[in-house]
Amino acid sequence: MPELPEVETVRRGIEPLICGKTVTGVTVRNASLRWPVANDLEQRLCGGKVVSLNRRSKYLLIDFTKGTLIIHLGMSGYLRSLQQGEERLKHDHVELCFDDGTVLVYNDARRFGFILWTTDDPLRHERLVNLGPEPLSDVFSAAHLHRLAQRRKSVAIKPFLMDSKVVVGVGNIYASEALFMAGVDPRRKACCITLDECQQIVAAVQAVLKDAIAAGGTTICDFKNSSGKPGYFQQQLHVYGRDGEPCSRCGKPIVIARLGQRSSYFCGNCQR
DNA sequence: CAAGACTCCTGTCAGC
DNA sequence: TGCTGACAGGAGTCTT
(Lines give C-alpha, C1' and ligand atoms only; values in the text may rest on other atoms or scores of the structure.)
Protein backbone atom coordinates (compact mmCIF):
# COMPACT_ATOMS: atom_id res chain seq x y z
CA MET A 1 0.00 0.00 0.00
CA PRO A 2 1.94 2.88 -1.34
CA GLU A 3 2.19 5.83 1.00
CA LEU A 4 4.30 8.88 0.33
CA PRO A 5 7.67 7.20 0.96
CA GLU A 6 6.80 4.41 -1.44
CA VAL A 7 5.76 6.88 -4.13
CA GLU A 8 9.01 8.78 -3.64
CA THR A 9 10.87 5.48 -3.92
CA VAL A 10 9.02 4.71 -7.13
CA ARG A 11 9.87 8.15 -8.47
CA ARG A 12 13.56 7.71 -7.76
CA GLY A 13 13.49 4.19 -9.14
CA ILE A 14 11.95 4.91 -12.51
CA GLU A 15 13.50 8.33 -13.08
CA PRO A 16 16.76 6.95 -14.50
CA LEU A 17 14.84 4.43 -16.59
CA ILE A 18 12.69 6.87 -18.54
CA CYS A 19 14.05 10.41 -18.15
CA GLY A 20 15.05 11.89 -21.50
CA LYS A 21 13.40 9.05 -23.41
CA THR A 22 10.59 9.28 -25.97
CA VAL A 23 7.36 7.32 -25.92
CA THR A 24 6.91 5.08 -28.97
CA GLY A 25 3.82 3.16 -27.91
CA VAL A 26 1.09 2.90 -25.30
CA THR A 27 -1.01 -0.17 -24.54
CA VAL A 28 -4.07 0.11 -22.34
CA ARG A 29 -5.32 -3.36 -21.41
CA ASN A 30 -7.81 -2.20 -18.83
CA ALA A 31 -8.92 1.43 -18.76
CA SER A 32 -11.31 1.10 -15.84
CA LEU A 33 -9.20 2.41 -13.01
CA ARG A 34 -10.50 4.74 -10.29
CA TRP A 35 -11.10 7.12 -13.14
CA PRO A 36 -11.06 5.80 -16.69
CA VAL A 37 -7.81 6.06 -18.60
CA ALA A 38 -8.26 8.50 -21.50
CA ASN A 39 -8.98 6.57 -24.68
CA ASP A 40 -6.66 8.85 -26.64
CA LEU A 41 -3.74 8.40 -24.25
CA GLU A 42 -1.58 6.81 -26.93
CA GLN A 43 -2.03 9.73 -29.35
CA ARG A 44 -1.29 12.20 -26.59
CA LEU A 45 1.83 10.45 -25.33
CA CYS A 46 3.47 9.11 -28.48
CA GLY A 47 6.41 11.19 -29.61
CA GLY A 48 6.55 12.92 -26.25
CA LYS A 49 9.82 13.00 -24.37
CA VAL A 50 10.08 12.65 -20.59
CA VAL A 51 11.49 15.86 -19.18
CA SER A 52 11.37 15.13 -15.45
CA LEU A 53 9.69 13.08 -12.75
CA ASN A 54 8.18 14.84 -9.79
CA ARG A 55 5.96 14.00 -6.87
CA ARG A 56 3.21 15.92 -5.14
CA SER A 57 1.68 14.11 -2.19
CA LYS A 58 1.19 10.52 -3.36
CA TYR A 59 0.81 11.61 -6.96
CA LEU A 60 3.62 10.80 -9.36
CA LEU A 61 4.00 13.48 -12.04
CA ILE A 62 5.75 12.50 -15.24
CA ASP A 63 6.46 15.69 -17.15
CA PHE A 64 6.57 15.29 -20.92
CA THR A 65 7.32 17.90 -23.54
CA LYS A 66 3.59 17.83 -24.38
CA GLY A 67 2.00 17.66 -20.93
CA THR A 68 2.04 15.73 -17.69
CA LEU A 69 0.98 12.22 -16.77
CA ILE A 70 -0.48 12.15 -13.27
CA ILE A 71 -0.27 8.69 -11.72
CA HIS A 72 -1.75 7.61 -8.41
CA LEU A 73 -0.94 4.09 -7.23
CA GLY A 74 -4.00 3.79 -5.04
CA MET A 75 -3.83 0.87 -2.66
CA SER A 76 -2.16 -1.82 -4.65
CA GLY A 77 -0.57 -0.14 -7.66
CA TYR A 78 3.06 -0.33 -8.67
CA LEU A 79 5.26 0.39 -11.66
CA ARG A 80 7.95 -1.87 -13.00
CA SER A 81 10.08 -2.07 -16.08
CA LEU A 82 9.55 -5.08 -18.26
CA GLN A 83 12.48 -7.08 -19.59
CA GLN A 84 12.38 -8.17 -23.21
CA GLY A 85 10.19 -11.21 -23.70
CA GLU A 86 8.94 -11.10 -20.15
CA GLU A 87 5.45 -12.40 -19.45
CA ARG A 88 2.66 -10.00 -18.57
CA LEU A 89 1.10 -10.39 -15.17
CA LYS A 90 -2.48 -10.32 -14.07
CA HIS A 91 -3.54 -6.70 -13.52
CA ASP A 92 -0.93 -5.23 -15.87
CA HIS A 93 -3.29 -2.48 -17.04
CA VAL A 94 -1.16 0.06 -18.88
CA GLU A 95 2.21 -0.11 -20.66
CA LEU A 96 4.41 2.70 -21.92
CA CYS A 97 7.08 1.77 -24.49
CA PHE A 98 10.09 4.01 -24.98
CA ASP A 99 12.51 4.53 -27.87
CA ASP A 100 15.33 2.60 -26.20
CA GLY A 101 13.17 -0.49 -25.63
CA THR A 102 12.30 0.27 -22.04
CA VAL A 103 8.76 -0.77 -21.17
CA LEU A 104 7.13 0.71 -18.09
CA VAL A 105 4.13 -1.22 -16.76
CA TYR A 106 1.40 -0.07 -14.42
CA ASN A 107 -0.06 -2.93 -12.38
CA ASP A 108 -2.89 -2.41 -9.92
CA ALA A 109 -4.93 -5.33 -8.62
CA ARG A 110 -7.56 -3.32 -6.78
CA ARG A 111 -7.73 -0.52 -9.33
CA PHE A 112 -7.96 2.22 -6.72
CA GLY A 113 -5.25 4.06 -8.60
CA PHE A 114 -5.53 6.11 -11.77
CA ILE A 115 -3.64 7.65 -14.65
CA LEU A 116 -4.61 11.11 -15.85
CA TRP A 117 -3.23 13.37 -18.54
CA THR A 118 -3.06 17.14 -18.39
CA THR A 119 -1.57 19.79 -20.64
CA ASP A 120 -1.94 22.47 -17.96
CA ASP A 121 0.08 23.05 -14.81
CA PRO A 122 -0.40 19.71 -12.99
CA LEU A 123 -0.29 21.45 -9.60
CA ARG A 124 -3.45 23.32 -10.60
CA HIS A 125 -5.22 20.11 -11.63
CA GLU A 126 -8.45 19.58 -9.71
CA ARG A 127 -7.00 16.52 -7.97
CA LEU A 128 -3.98 18.45 -6.70
CA VAL A 129 -5.02 22.04 -6.29
CA ASN A 130 -6.64 21.67 -2.86
CA LEU A 131 -3.94 19.58 -1.24
CA GLY A 132 -2.30 20.67 1.99
CA PRO A 133 1.44 21.12 2.48
CA GLU A 134 4.09 18.50 1.88
CA PRO A 135 5.05 16.89 5.20
CA LEU A 136 8.76 17.37 4.60
CA SER A 137 8.44 21.06 3.73
CA ASP A 138 8.78 24.02 6.07
CA VAL A 139 5.10 24.82 5.59
CA PHE A 140 4.22 21.77 7.66
CA SER A 141 5.05 23.27 11.04
CA ALA A 142 3.76 23.05 14.59
CA ALA A 143 2.12 26.44 14.16
CA HIS A 144 0.32 25.29 10.99
CA LEU A 145 -0.88 22.06 12.61
CA HIS A 146 -1.98 23.81 15.80
CA ARG A 147 -3.85 26.56 13.97
CA LEU A 148 -5.88 24.07 11.91
CA ALA A 149 -6.39 21.68 14.83
CA GLN A 150 -7.96 24.31 17.04
CA ARG A 151 -10.84 24.67 14.59
CA ARG A 152 -11.65 20.96 14.66
CA LYS A 153 -13.84 20.40 17.68
CA SER A 154 -14.83 16.78 17.32
CA VAL A 155 -12.37 14.95 15.09
CA ALA A 156 -9.63 12.86 16.71
CA ILE A 157 -5.99 13.74 16.10
CA LYS A 158 -5.31 10.64 14.03
CA PRO A 159 -7.96 11.07 11.31
CA PHE A 160 -7.10 14.78 11.44
CA LEU A 161 -3.48 13.96 10.54
CA MET A 162 -4.72 11.83 7.67
CA ASP A 163 -6.75 14.71 6.22
CA SER A 164 -4.99 15.74 3.01
CA LYS A 165 -5.99 19.37 3.53
CA VAL A 166 -3.99 19.38 6.77
CA VAL A 167 -0.91 17.62 5.44
CA VAL A 168 -0.49 15.22 2.53
CA GLY A 169 1.04 11.80 2.42
CA VAL A 170 0.25 10.61 5.93
CA GLY A 171 -1.75 7.41 5.57
CA ASN A 172 -3.02 5.02 8.17
CA ILE A 173 0.28 3.29 8.84
CA TYR A 174 2.42 6.36 9.26
CA ALA A 175 -0.21 8.24 11.25
CA SER A 176 -0.23 5.43 13.80
CA GLU A 177 3.56 5.24 13.87
CA ALA A 178 4.07 9.00 14.14
CA LEU A 179 1.63 9.35 17.02
CA PHE A 180 3.40 6.53 18.83
CA MET A 181 6.71 8.28 18.34
CA ALA A 182 5.20 11.57 19.53
CA GLY A 183 3.62 9.90 22.56
CA VAL A 184 0.16 11.21 21.71
CA ASP A 185 -3.03 9.13 22.11
CA PRO A 186 -4.67 8.91 18.64
CA ARG A 187 -8.16 9.26 20.17
CA ARG A 188 -7.61 12.73 21.59
CA LYS A 189 -9.53 15.57 20.00
CA ALA A 190 -7.46 17.58 17.54
CA CYS A 191 -8.53 20.84 19.17
CA CYS A 192 -7.03 19.73 22.51
CA ILE A 193 -3.52 19.08 21.22
CA THR A 194 -1.08 21.68 22.54
CA LEU A 195 1.40 23.61 20.42
CA ASP A 196 4.20 21.70 22.10
CA GLU A 197 2.56 18.39 21.20
CA CYS A 198 2.08 19.63 17.64
CA GLN A 199 5.82 20.17 17.55
CA GLN A 200 6.33 16.56 18.66
CA ILE A 201 3.88 15.32 16.06
CA VAL A 202 5.46 17.29 13.20
CA ALA A 203 8.90 16.01 14.15
CA ALA A 204 7.59 12.45 14.40
CA VAL A 205 5.78 12.55 11.04
CA GLN A 206 8.92 13.86 9.37
CA ALA A 207 11.18 11.32 11.06
CA VAL A 208 8.92 8.39 10.20
CA LEU A 209 8.62 9.44 6.56
CA LYS A 210 12.34 10.14 6.17
CA ASP A 211 13.20 6.74 7.66
CA ALA A 212 10.78 5.05 5.31
CA ILE A 213 12.20 6.85 2.27
CA ALA A 214 15.69 5.83 3.34
CA ALA A 215 14.53 2.21 3.72
CA GLY A 216 12.88 2.31 0.30
CA GLY A 217 15.99 3.74 -1.24
CA THR A 218 17.90 0.61 -0.42
CA THR A 219 15.68 -1.43 -2.69
CA ILE A 220 15.65 0.80 -5.76
CA CYS A 221 17.83 -1.68 -7.64
CA ASP A 222 14.89 -4.09 -7.56
CA PHE A 223 13.08 -1.98 -10.14
CA LYS A 224 14.76 -3.83 -12.96
CA ASN A 225 13.32 -7.13 -11.80
CA SER A 226 9.86 -8.18 -12.85
CA SER A 227 9.17 -8.86 -9.20
CA GLY A 228 10.63 -5.50 -8.39
CA LYS A 229 8.10 -3.98 -6.12
CA PRO A 230 9.78 -1.28 -4.09
CA GLY A 231 10.51 -1.76 -0.44
CA TYR A 232 7.13 -1.46 1.14
CA PHE A 233 7.13 -2.38 4.82
CA GLN A 234 10.89 -2.50 5.02
CA GLN A 235 10.62 -0.23 7.99
CA GLN A 236 10.28 -1.53 11.51
CA LEU A 237 6.73 -0.79 12.62
CA HIS A 238 6.26 -0.16 16.33
CA VAL A 239 2.48 -0.27 16.60
CA TYR A 240 0.79 -0.73 13.22
CA GLY A 241 -0.70 -4.20 12.88
CA ARG A 242 0.70 -5.25 16.25
CA ASP A 243 -2.36 -5.34 18.50
CA GLY A 244 -1.78 -7.66 21.44
CA GLU A 245 1.99 -7.62 21.01
CA PRO A 246 4.15 -5.91 23.64
CA CYS A 247 5.00 -2.24 23.20
CA SER A 248 8.63 -1.86 22.14
CA ARG A 249 9.05 0.88 24.73
CA CYS A 250 7.18 -0.27 27.86
CA GLY A 251 6.12 -3.86 27.17
CA LYS A 252 2.39 -3.30 27.71
CA PRO A 253 0.19 -4.73 24.94
CA ILE A 254 -0.53 -2.61 21.88
CA VAL A 255 -4.26 -1.94 21.58
CA ILE A 256 -6.52 -1.15 18.66
CA ALA A 257 -9.31 1.41 18.23
CA ARG A 258 -11.58 2.37 15.34
CA LEU A 259 -11.22 6.04 14.43
CA GLY A 260 -12.89 7.39 11.33
CA GLN A 261 -13.49 3.93 9.84
CA ARG A 262 -9.80 3.08 10.22
CA SER A 263 -7.94 0.83 12.61
CA SER A 264 -5.64 2.74 14.92
CA TYR A 265 -2.93 0.98 16.85
CA PHE A 266 -1.36 2.51 19.92
CA CYS A 267 0.14 1.95 23.35
CA GLY A 268 -2.26 3.12 26.03
CA ASN A 269 0.65 3.52 28.42
CA CYS A 270 3.17 5.44 26.29
CA GLN A 271 0.63 7.55 24.39
CA ARG A 272 -1.28 10.07 26.46
C1' DC B 1 -18.40 24.10 6.89
C1' DA B 2 -17.66 19.81 9.62
C1' DA B 3 -17.96 15.03 10.30
C1' DG B 4 -19.26 10.61 9.47
C1' DA B 5 -20.90 6.96 6.33
C1' DC B 6 -20.39 4.89 2.19
C1' DT B 7 -18.08 3.61 -2.18
C1' DC B 8 -14.79 1.75 -5.52
C1' DC B 9 -11.85 -3.29 -5.91
C1' DT B 10 -9.61 -7.80 -5.15
C1' DG B 11 -6.29 -10.50 -2.42
C1' DT B 12 -5.90 -12.54 1.97
C1' DC B 13 -7.27 -14.84 5.85
C1' DA B 14 -10.32 -16.64 9.60
C1' DG B 15 -14.00 -19.60 10.50
C1' DC B 16 -16.90 -23.21 9.44
C1' DT C 1 -10.50 -28.77 1.02
C1' DG C 2 -13.65 -25.37 -0.35
C1' DC C 3 -16.80 -21.89 0.49
C1' DT C 4 -18.24 -17.54 2.67
C1' DG C 5 -17.69 -13.34 4.73
C1' DA C 6 -14.90 -9.85 6.90
C1' DC C 7 -11.29 -6.90 6.29
C1' DA C 8 -7.74 -3.89 4.40
C1' DG C 9 -7.13 0.95 2.59
C1' DG C 10 -6.79 6.42 -0.38
C1' DA C 11 -9.63 9.50 -1.44
C1' DG C 12 -13.72 10.78 -3.57
C1' DT C 13 -18.91 11.55 -3.01
C1' DC C 14 -23.00 11.63 -0.37
C1' DT C 15 -25.67 12.44 3.87
C1' DT C 16 -26.53 14.45 8.13
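Labels below follow one simple rule: chain letters A, B, ... track the order of the sequence lines, proteins then strands, and each chain is numbered from 1.
Of the residues in residues 119-132 of chain A, those placing a heavy atom less than 4.0 Å from an atom of DNA chain C are Arg127(A), in numerical order.
Atoms CZ (Phe160(A)) and P (dA3(B)) sit 9 Å apart, rounded to a whole Å.
Side-chain atoms of Arg127(A) and Asn130(A) include no donor-acceptor pair closer than 3.5 Å.
Side-chain proximity of Arg111(A) to dT10(B), dA11(C), dA2(B): nearest is dT10(B). Checking dC8(B), dA3(B), dG12(C) against every side-chain atom of Phe112(A), the shortest atom distance belongs to dC8(B). When distances run from any side-chain atom of Arg110(A) to the nucleotides dG11(B), dA11(C), dG4(B), the shortest one goes to dG11(B).
Within the 4.0 Å cut-off from OP1 or OP2 of dC6(B), not a single side-chain nitrogen or oxygen of Arg262(A) is found. Contact annotation: Lys90(A) reaches the phosphate of dG11(B) (side-chain N/O to OP1 or OP2, under 4.0 Å). Contact annotation: His91(A) side-chain N/O to dG11(B) OP1/OP2 distance is under 4.0 Å. Residue Ser263(A) places at least one side-chain N or O under 4.0 Å from the OP1 or OP2 atom of dA8(C). Note on Ser164(A): every side-chain N or O is 4.0 Å or more away from OP1 and OP2 of dA11(C).
For Ala109(A) and Ala156(A), each mapped to the nucleotide of DNA chain B holding its nearest heavy atom, the one lying further toward the 5' end belongs to Ala156(A).
Note on Phe114(A): nothing from the nucleic acid sits closer than 4.0 angstrom, heavy atoms only. Among the protein residues, Arg34(A) comes within range of the nucleic acid bases, having at least one heavy atom under 4.0 Å from a base atom.
Note: Tyr59(A) and His72(A) have perpendicular aromatic rings, judged against thresholds of 30 and 60 degrees for the angle between ring planes.
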